[in-house]
K.L.:
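Handing you this structure, nothing more for now.
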Amino acid sequence: MTCTKCEALCASRAQIVEPDLPEFDRPCRVLVIGEAPGADEDTQGKGFVGRAGRTLHTLLEEHELRRGYDYGCANVVRCRPPENRKPTKLEIEACLPKLAETISTSKPQVVLAVGDTAAQVFMGKHHDIGLLQKIQYLKENAYCPRSLLGYGSVLDMKWPYGTRLFVIPHTSPLAWNRNAPDGRKWSEVGAEQVRRMVKLL
Ligand code: SF4
């Protein structure tokens, strides 16, 4: 597939990084969604292949979730932003129909949004609260994004019935084990979220 909607990203990318889903029509139990491809992903044409991304795979493998068998990976935008900056609102909006289509066709049991940018996309009017507050809000709402997605948005229209939403910290603070605002390590926050998610699967 080729796409030239985002001028700056077309100039900075080596290739479009398409989502990868479980093979041989296996059900997609979890769809991991990050912000954007980084340098390694841009080079290899596959999401979550850098060092930080591997931390996430290790965490999921501890719960016997295997990439390509149980879960797939995607990004909010499919092209690497220059200097690894965050994608702009316009770039996110340009790529969102593709992401909505991926979620609609793969029908994951759970969407696992990795990091604040990915989480914001799914949090509607609650997009500007902190990551820990987003996690708490989802817990209080049974991880059901129906209460979050704006009516009529492309995500709302394509969201499969029953798919739940979990949020975990970005892979960098997970991998480098930085502190969250509540004093815990981000890695502890991430591990707790994955445990809750696995319990629901
Ligand atoms: S980020 Fe998405 S919409 Fe923008 S050029 Fe890449 S594939 Fe197209």
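Residues take their numbers from the sequence shown, with the count starting at 1. Here the structure is a predicted model, which means the values were calculated and not measured. For ligands, and for the atoms within them, numbers begin at 1 and follow the listed sequence.
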K.L.:
State plainly whether the residues Glu192 and Lys139 are in salt-bridge range, i.e. N to O under 4.0 Å.
P.N.:
no
K.L.:
Ignoring hydrogens, just give me the one of Cys6, Pro37, Pro87 whose non-hydrogen atom is nearest atom 5 (S) of ligand 1.
P.N.:
Cys6
K.L.:
In terms of atom number and element, which parts of ligand 1 are under 4.0 angstrom from non-hydrogen atoms of Leu9?
P.N.:
1 (S)
K.L.:
Please state which protein non-hydrogen atom is closest to atom 6 (Fe) of ligand 1 and give its distance, to 0.1 Å?
P.N.:
Cys79 SG, 2.3 Å
K.L.:
Does a side-chain N-to-carboxylate-O contact under 4.0 Å join Lys86 and Glu35?
P.N.:
yes
K.L.:
Answer yes or no for Cys95: is there an N/O/S atom below the 2.8 Å cut-off from atom 6 (Fe) of ligand 1?
P.N.:
no
K.L.:
Only heavy atoms of Arg13, strictly under 4.0 Å: list the atoms of ligand 1 that pass.
P.N.:
5 (S), 6 (Fe)
K.L.:
Suppose I only count heavy atoms of Lys98 and a 4.0 Å limit; which atoms of ligand 1 are within that range?
P.N.:
2 (Fe), 3 (S), 7 (S), 8 (Fe)
K.L.:
Quick one: do Arg67 and Asp20 make a salt bridge, cutoff under 4.0 Å?
P.N.:
yes
K.L.:
Hey, does the side chain of Asp42 reach the backbone of Pro37 with a donor-acceptor pair shorter than 3.5 angstrom?
P.N.:
no
K.L.:
Is the distance from atom 8 (Fe) of ligand 1 to some N, O or S atom of Cys3 under 2.8 Å?
P.N.:
yes
K.L.:
Is the backbone N or O of Val49 less than 3.5 Å from a side-chain atom of Glu41, with the two atoms forming a donor-acceptor pair by type?
P.N.:
yes
K.L.:
With distance as the sole test, does Trp186 use its side chain to make a donor-acceptor pair with the main-chain N or O of Gly190 at under 3.5 Å?
P.N.:
no
